Amino acid sequence: MKTRPSSLESVTCWRAKFMEAFFSHVLRGTIDVSSDKRLCDQRFSPLLHSSRHVRQLTICNMLQGATELVAEPNRRVLETLASSLHTLKFRHLLFSDVAAQQSLRQLLHQLIHHGAVSQVSLYSWPVPESALFILILTMSAGFWQPGPGSLPCRLCGEASRGRAPSRDEGSLLLGSRRPRRDAAERCAAALMATRRKSEVKQMPRAVPPTRVTRRNTQESLTIGGTDSKFYLPATSYEASGTKQPSAPAAASSASSSTSSKRAPASSASQPKPLKRFKRAAGKKGPRTRQGSGAESEDLYDFVFIVAGEKEDGEEMEIGEVACGALDGSDPSCLGLPALEASQRFRSISTLELFTVPLSTEAALTLCHLLSSWVSLESLTLSYNGLGSNIFRLLDSLRALSGQAGCRLRALHLSDLFSPLPILELTRAIVRALPLLRVLSIRVDHPSQRDNPAVPENAGPPGHIVGDEEIPENCLEQLEMGFPRGAQPAPLLCSVLKASGSLQQLSLDSATFASPQDFGLVLQTLKEYNLSLKRLSFHDMNLADCQSEVLFLLKNLTLQEITFSFCRLFEKRPVQFLPEMVAAMKGNSTLKGLRLPGNRLGNAGLLALADVFSEDSSSSLCQLDISSNCIKPDGLLEFAKRLERWGRGAFGHLRLFQNWLDQDAVTAREAIRRLRATCHVVSDSWDSTQAFADYVSTM
C-alpha cells in the first residue's frame, strides 16, 4: 500500500495496523478492489473484514468516504466501526456540498452518539467552512438534530425520537428558550455586524441592496434559494403551539437565483464571501414555506437564531440577515447556538484543533459549547488565531469549572500572539480551572500589553488578570513556551507556589532579567514544589547561571533534568565541568540527564565519564548527549573508560547529530563497545552537509 507509519507512532500490533490502513485505502478508492479476484468475491466484504481492526479513521478533503459508510450496503461496516473506532481525525478539509454534510451528520451520530469514539481531531484547515465546522463541534458535544429528509435513527428508539430534551440537556447549555447574552456576546455581535457592513459596502453590486421588512423577510428569503437558515424570534408561533417557520440566513435578490453567493456569518479569517454550496440532487426549484414537521437544510437552522425584539415594521438589509443581525447597529441582535431543539447524547472526551483559524462566529460557538461540556477531559487549541477571543475562552472555562461533574484535566494552548502576556494568561487559566492536572501553553510572539482589546464580557482587566493570590490548584504538569523578552520572575513564582502537586515543569525560551531572578525561581521550586520529579529547560541562556545549575544538580528530589541548547559550557568550562561532575556523583536520586546542544565536545564527554566511576554514588541510567560536537575518538575513549570501571548497564545513551561520520570505523568500534554497557541510539548524520546548510543560512 506504500504507506509508512510515523516514526513517532508506537505500533503494538502490525496486523491491526495493516488492516486499518487497508480499510482507509479501500474506503477512499486508492486501492482498486477489482484488480484482485479474492477481493471481488461477492461473499466477502473488504471493508467489513477490516473494520473491526480500525481504531482511528481519517476523513480528508471533501469528506470522502462519509457517504459510502452511511449507505445501506455498508450498515454492518458502520455498526462494527461504532464499537471499534476510538479516534476520528479530519485533515485538510475543503468545501463540501449539503449531501456530504448530511452523510457526515449521520456518520457522527452513529460513531459518537451511539459508538465509542472519544477523540475528535481537526488538522490544517486554513479556511474553515462555518456550517461544517459547527456541525462537527456540536455533534462532538453530544447534540443531535436530524437533517432534512433524513430517516429516523433506529438506534435512538421511539421514545427518545419523539421526546423533547430535558432541562439538564438542552437547557443546561442555553438556560432558557431564548438565551440572554452577556456583554461578551453583545460585543461579538457588534463586531460581526460592523465587519459585515464594511464588507457589504466594499463588495461590488450590480443591484442595490434589497430592503425588506421583518414581515416579508421569511417569504422573500425562502424563495432566494440559500442553504442556511435562521430562526425568527419566538412570538405568536410559540403561543399557538406550532413550530415557527425558519428563514434562510442569506439570499440573493429576486433577479439572481442561480448565480447568487452566500456570505458566511462574519468572520475575521474569512474576509471574502464564499460561494454557496450546490444544492443536492432533487432539491432544485424554488422553495416553499416549510411545514411544522420540516427540519433545516443545514446546521445553521438550529445553531444560529435571530434574536431581537424589533417591531414588524423595522427594516433590515439582507446582508445583515446573513450575519444574523436584525439591526447592524444593535450589538444584541446576534444569536448564539440555539440547541434546545436538539437531543443530547454521548459526547467525546478529547477535542483537538490544530491550525484551524477560529473566526468570531466559530469562537463564540466553541466557547458556548465548552461552558457545559462536562464530559470533556482534554482540550487542545493549537494556532487557532484566538486573539481577543481568549477572554471568551477563559470565561467559558470558568463556567465549565463550576459545572458539577466537570472532567477537564488537560489543556494545551498555543498561538502566535496573545493579547495577554503568557504568565498573566497562565495565572488566569489556573484560577479558572483549579482542578486542571496538565497545562501546556505557548505563545510565539510578545503581546501588546499596553491596551489589550478586552471585550466587555471580560469586565475590568482585574477580572482576568487580578493581582490577588492564586488559590491552590492540582497542577501536576506545567509546560510553558515563552516569546522573546525578559519575563517577570515573581509572576512565575506565584504560579509555582500555588502548584504544590507539581511533578513536571518545562520552560522553553524563558528569559529572565538577571541570574538572581532565575535563582528566585529555583528557590521557589525547592521550597514549594517538593513533589517535582522532572525539570526541563530548552533554548535558555544559562551561561551566567552556573551556580544555579549546580544548585539543581544537588537537588535530591529531582529524578530527571534536561538542559537543551542552554549554552551551559560557553563560559568557564574548565572550572565548571569538574564542579558539575562532583555534584552529580553525590546525587543518588537523579536517573536521567539530557544535555543536547550544549557544545560538550570530547573533553566534556570524558569529564562526564567520571560520573560512572567506582567512587560515585550516582544512579544515572539515561544520558542524552546529542548535538554536542562529539567526535569518534572521544566517543571511543568514553567507551573504554566505562569498560575499565566495570559499571553495569546504565540504560540509554543518545548520540544523535554528532560528528561521528568523520571516522566511520572508529565510530562503529566505539558504539560496539558501548552496546555492551548500555542501549545506544544514534543516527547516520552528515555533519558536513549540516554545516554547509548552517553556513548558507547565515
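None of these values were measured; they are calculated from a predicted model.
Between Pro596 and Phe563, the closest side-chain pair of non-hydrogen atoms is not below 4.5 Å. Leu636 has its side chain within reach of Glu669: a pair of non-hydrogen atoms, C-beta onward, lies under 4.5 Å apart. Inter-residue side-chain proximity for Phe537 and Phe518 is flagged as met; some heavy-atom pair is nearer than 4.5 Å. Between Leu351 and Leu366, the closest side-chain pair of non-hydrogen atoms falls below 4.5 Å. Looking at Cys493 and Leu520, their side chains come closer than 4.5 Å, going by heavy atoms from C-beta outward. Side-chain contact check for Ser349 versus Ser118: some heavy-atom pair is nearer than 4.5 Å. Residues Trp659 and Ile630 are not in side-chain contact: their nearest non-hydrogen atoms beyond the backbone lie 4.5 Å or more apart. Counting only heavy atoms from C-beta outward, the side chains of Leu436 and Ile429 approach each other to under 4.5 Å.
What you find for Gly651 and Cys678 is that their closest heavy atoms are O-CB, 3.2 Å. Taking all atoms of both residues into account, the shortest heavy-atom contact from Leu593 to Met580 is CD2-CE, 4.3 Å. Here the shortest heavy-atom pairing between Ala639 and Ala670 reads CB-O, 3.9 Å. Minimum interatomic distance between Thr557 and Lys533 (heavy atoms only, all atoms of both residues): O-CD, 3.7 Å. Between Pro419 and Phe391, the closest heavy-atom pair is CG-CE1, 3.7 Å. Taking every heavy atom of both residues into account, Ala498 and Pro471 meet most closely at CB-O, 3.6 Å.
Atom-to-atom distance recorded for Arg392:CZ and Leu397:CG is 14.0 Å, nearest 0.5 angstrom. Rounded to the nearest 0.5 angstrom, Leu606 CG and Glu637 CD are separated by 6.0 Å. Considering NZ of Lys640 and CG of Leu642, their distance stands at 12.5 Å, rounded to 0.5 Å. Taken from CD1 in Ile441 to CG in Leu425, the straight-line distance is 3.5 Å, to the nearest 0.5 Å. For the atom pair Arg534 CZ and Ile561 CD1, the distance stands at 12.5 Å (nearest 0.5 Å). To the nearest 0.5 Å, the span separating CG on Leu358 from CG on Asn384 amounts to 4.5 Å.
Side-chain contact of Glu479 with Gln477: a donor-acceptor pair under 3.5 Å is present, judged by distance alone. Remark: the Thr380 side chain and the His412 side chain contain no N/O donor-acceptor pair separated by less than 3.5 Å. A donor and an acceptor atom, one from each side chain of Thr355 and Ser124, are nowhere located under 3.5 Å apart. Side-chain contact annotation: Asn658 with Asn628, donor-acceptor N/O pair under 3.5 Å absent. Glu527 and Gln523 form a side-chain donor-acceptor contact under 3.5 Å, judged by distance and modelled atom types alone. Side-chain polar atoms of Ser121 and Glu352 form a donor-acceptor pair below 3.5 angstrom.
Applying the salt bridge (charged side-chain N to carboxylate O under 4.0 Å, His left out) test to residues at least two apart or on different chains, the pairs with a partner in residues 504-515 are Arg442-Asp508. Here salt bridge (charged side-chain N to carboxylate O under 4.0 Å, His left out) pairs that include residues 654-664, with residues two or more places apart or in two chains, are Asp624-Arg654.
When atom types are taken as modelled, the side chain of Ser359 and the backbone of Ala362 share a donor-acceptor pair closer than 3.5 angstrom. Judged by distance alone, the side chain of Ser494 and the main-chain N or O of Leu491 form a donor-acceptor pair under 3.5 Å. A donor-acceptor pair under 3.5 Å is formed between the side chain of Ser375 and the backbone N or O of Ile348. The closest donor-acceptor contact from the side chain of Asp415 to the backbone of Val443 lies at 3.5 Å or more, if one exists at all. Side chain of Asn529 to backbone of Ser499: a donor-acceptor contact under 3.5 angstrom is found. Checking side-chain atoms of Asp683 against main-chain N and O of Gln657 turns up a donor-acceptor pair under 3.5 Å. Here the side chain of Ser617 pairs a donor or acceptor atom with the backbone of Lys585 at under 3.5 angstrom. Here the side chain of Arg91 pairs no donor or acceptor atom with the backbone of Leu122 at under 3.5 angstrom. At least one donor-acceptor pair closer than 3.5 Å links the side chain of Trp125 to the backbone N or O of Leu93. Counting only distance, with no hydrogens or angles, the side chain of Asn598 and the backbone of Leu600 share no donor-acceptor pair below 3.5 Å.
Taking the six-membered ring where the residue is Trp, Phe638 and Phe612 present perpendicular rings, their angle passing 60° and hence far from 30°. Below 30°, between 30° and 60°, or above 60°: for Tyr123 and Phe354 the angle between ring planes is below 30°, a parallel geometry.
Using a cutoff of 4.0 Å between basic side-chain nitrogens and carboxylate oxygens, Glu20 and Arg55 are not scored as salt-bridged. Ionic pairing of Asp539 and Arg484 is present here: one or more N-O contacts between side-chain nitrogen and carboxylate oxygen are shorter than 4.0 angstrom. A salt bridge links Asp395 with Arg398: the closest approach of a Lys/Arg side-chain nitrogen to an acidic carboxylate oxygen falls below 4.0 angstrom.
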Practice task
Could you go through the side-chain contact (heavy atoms from CB on, under 4.5 Å) check for Gln622 and Arg594 one step at a time?
Solution key: CA-CA 8 Å; Gln622 293 185 3; Arg594 291 177 168 82; 3.2 Å; yes
Practice task
Could you walk me through whether Asp517 and Ser514 pass the side-chain contact (heavy atoms from CB on, under 4.5 Å) test, one step at a time?
Solution key: CA-CA 5 Å; Asp517 281 357; Ser514 64; 3.9 Å; yes
Handout entry: From CA spacing to verdict: side-chain contact (heavy atoms from CB on, under 4.5 Å), Asn587, Leu553
Key = CA-CA 7 Å; Asn587 191 334; Leu553 294 175; 5.5 Å; no
Practice task
Carefully, step by step, assess Arg673 and Glu643 under the rule salt bridge (Lys or Arg N to Asp or Glu O under 4.0 Å).
Solution key: CA-CA 8 Å; Arg673 289 172 176 262; Glu643 289 178 346; 2.8 Å; yes
Handout entry: Derivation and outcome, side-chain contact (heavy atoms from CB on, under 4.5 Å), residues Tyr383 and Leu416
Key = CA-CA 6 Å; Tyr383 296 98; Leu416 290 174; 3.9 Å; yes
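The only member of Leu411, Leu475, Asn473 that meets side-chain contact (heavy atoms from CB on, under 4.5 Å) when paired with Leu433 is Leu411.
For Arg15, the salt bridge (charged side-chain N to carboxylate O under 4.0 Å, His left out) criterion is met by no residue, not counting sequence neighbours. Residues that satisfy the salt bridge (charged side-chain N to carboxylate O under 4.0 Å, His left out) test with Glu476, not counting sequence neighbours, are Arg437. The ring-ring contact (aromatic ring centres under 6.0 Å, His included) check on His445 picks up Phe417, with sequence neighbours excluded. Judged as a side chain to side chain donor-acceptor pair (under 3.5 Å), and not counting sequence neighbours, Gln504 has no contacts.
More than 12 heavy atoms of other shown residues, nucleotides or ligands fall within 6.0 angstrom of atom CD in Gln56.
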